[in-house]
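Quantities reported herein were computed from a predicted structural model and do not represent experimental measurements.
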Amino acid sequence: RALGAYQRTLHTLQNAGAMLSVGLEDIPEALERVQDEAKESRRELRHVRGTLLEYEAERLWHEASCAEGMHIIVSHWRDRDFDEVRTLAARLREHPATVVLMAASRPATQGKGGVRVICARSDDLSEVDATVVLRTALAPLEGRGGGRPNLAQGGADDHSPAEIHSALERAISEHVA
């Protein structure tokens, strides 16, 4: 039994060495090199994603509808990471006279489904309460959320894109435009 275990272990190590193009004795160093390269790749990927989100935020702001001197950005994405949406909202609210209402949803068939919504506004628009706008958007979706007057977020079970878009537009029309 011990010989069989040894042979399986040796076979596994030989396969690992072949995959790494090194001899058995160099496997630990090669694995360390691969881990370092993976860490650097993840760091570079985060940087590139951040840069892309900056460009996307700029594009969204320039394409935003304007009402009463305010830039209003309303967007909904299917299968988009909510952290990216939150980053976009944070970057957009740095612009003056800006209101953002965005949602990201995932169907329940993909694990934890649902829609997450964020409302943000620039600090110079104290007359717009992000919490009120968010709750208005989430009400027809039977969702919940909260936050501060300049930034609020919440969520609900998944709904059709049309229902989500309608809820977002209604909230903006009631409280902003």
Side-chain angles (χ1 to χ4, degrees), residues 38-177:
K39 187 176 182 180
E40 180 62 27
S41 293
R42 284 190 299 272
R43 187 176 309 124
E44 288 175 10
L45 180 60
R46 272 193 309 276
H47 175 73
V48 169
R49 280 186 176 157
T51 301
L52 286 173
L53 287 173
E54 285 177 28
Y55 286 122
E56 185 175 2
E58 288 302 311
R59 180 186 58 79
L60 287 169
W61 192 79
H62 287 289
E63 293 175 355
S65 64
C66 291
E68 299 179 25
M70 288 184 272
H71 282 77
I72 302 168
I73 297 114
V74 178
S75 294
H76 170 241
W77 294 275
R78 300 280 295 168
D79 299 321
R80 183 163 196 175
D81 185 66
F82 187 70
D83 287 337
E84 287 183 2
V85 175
R86 190 181 358 232
T87 300
L88 282 171
R91 291 211 167 103
L92 285 163
R93 70 178 290 271
E94 293 173 359
H95 289 281
T98 301
V99 177
V100 177
L101 185 58
M102 299 176 162
S105 58
R106 285 207 166 95
T109 58
Q110 297 180 2
K112 188 177 180 182
V115 60
R116 297 198 48 204
V117 181
I118 187 165
C119 183
R121 59 126 168 114
S122 54
D123 290 333
D124 60 343
L125 291 179
S126 58
E127 67 273 16
V128 176
D129 188 330
T131 306
V132 172
V133 176
L134 175 82
R135 288 187 177 146
T136 301
L138 288 172
L141 304 174
E142 299 175 358
R144 296 181 10 188
R148 300 180 312 272
N150 62 349
L151 179 67
Q153 61 185 27
D157 289 336
D158 193 29
H159 287 73
S160 75
E163 290 173 308
I164 295 168
H165 185 73
S166 174
L168 299 180
E169 289 293 338
R170 189 176 128 251
I172 287 294
S173 67
E174 281 185 30
H175 299 288
V176 179

Tightest non-hydrogen contact, residues Ser75 and Leu60, listed as OG-CD2, 4.2 Å

If we only count heavy atoms from C-beta on, is the Gln153 to Phe82 side-chain gap below 4.5 Å? yes

Identified side chain to side chain contact (heavy atoms under 4.5 Å, CB included) partner of Ile73 from the options Ile172, Val100, Leu101: Val100

Considering all heavy atoms, the nearest Ala167-Ala137 contact: CB-O, 3.3 Å

Regarding Ser105 and His159, do their side chains bring together a donor and an acceptor under 3.5 Å, going by distance alone? no

Side chains of Glu84 and Leu88, heavy atoms from C-beta outward: is any pair under 4.5 Å? no

Between Arg116 and Asp83, does at least one N-O distance fall below 4.0 Å, as a salt bridge requires? no

CD1-CG distance between Ile118 and Leu134, expressed to the nearest 0.5 angstrom: 9.0 Å

Any Glu58 side-chain heavy atom under 4.5 Å of His95 side chain: yes

Indicate yes or no: at least one non-hydrogen side-chain atom of Glu163 is less than 4.5 angstrom from one of Val115. no

Any side-chain heavy-atom pair of His175 and Val99 under 4.5 Å: no

Taking all atoms of both residues into account, what is the closest heavy-atom pair of Pro140 and Arg170, and its distance? CG-NH1, 3.3 Å

If every non-hydrogen atom of Val117 is compared with every non-hydrogen atom of Ala103, which pair is closest and at what distance? CG2-CB, 3.9 Å

Would you compute the distance between atom CG of Asp129 and atom OG1 of Thr136 and round it to the nearest 0.5 angstrom? 9.5 Å

Sequence neighbours excluded, which residues qualify as salt bridge (Lys or Arg N to Asp or Glu O under 4.0 Å) partners of Asp123? Arg93

Which residue pairs satisfy the side-chain hydrogen bond (donor to acceptor under 3.5 Å, both in side chains) criterion with at least one member in residues 41-54, sequence neighbours excluded? Glu40-Arg43

Quick one: does Glu142's side chain get under 4.5 Å of Asp157's, heavy atoms only? no

Identified side chain to side chain contact (heavy atoms under 4.5 Å, CB included) counterpart of Leu92 within the set Met102, Glu56, His71, Arg121: Met102

I'd like to know if the side chain of Thr87 reaches the main chain of Val85, judged simply by a donor and an acceptor atom lying under 3.5 Å from each other, with no hydrogens or angles considered. no

Looking only at heavy atoms, the pair that brings Gly69 and Ala97 closest together is O-CB, 3.4 Å

Measure the SG-CG distance between Cys119 and Leu151 for me, rounded to the nearest 0.5 Å. 8.5 Å

Can you see which heavy atom on Arg91 is nearest to which on Ala57, and at what distance? CB-CB, 3.9 Å

To the nearest 0.5 Å, what is the distance between CZ (Arg80) and CZ (Arg106)? 11.0 Å

A side-chain contact here means heavy atoms from C-beta on lying under 4.5 Å apart; do Ser122 and Met70 qualify? no

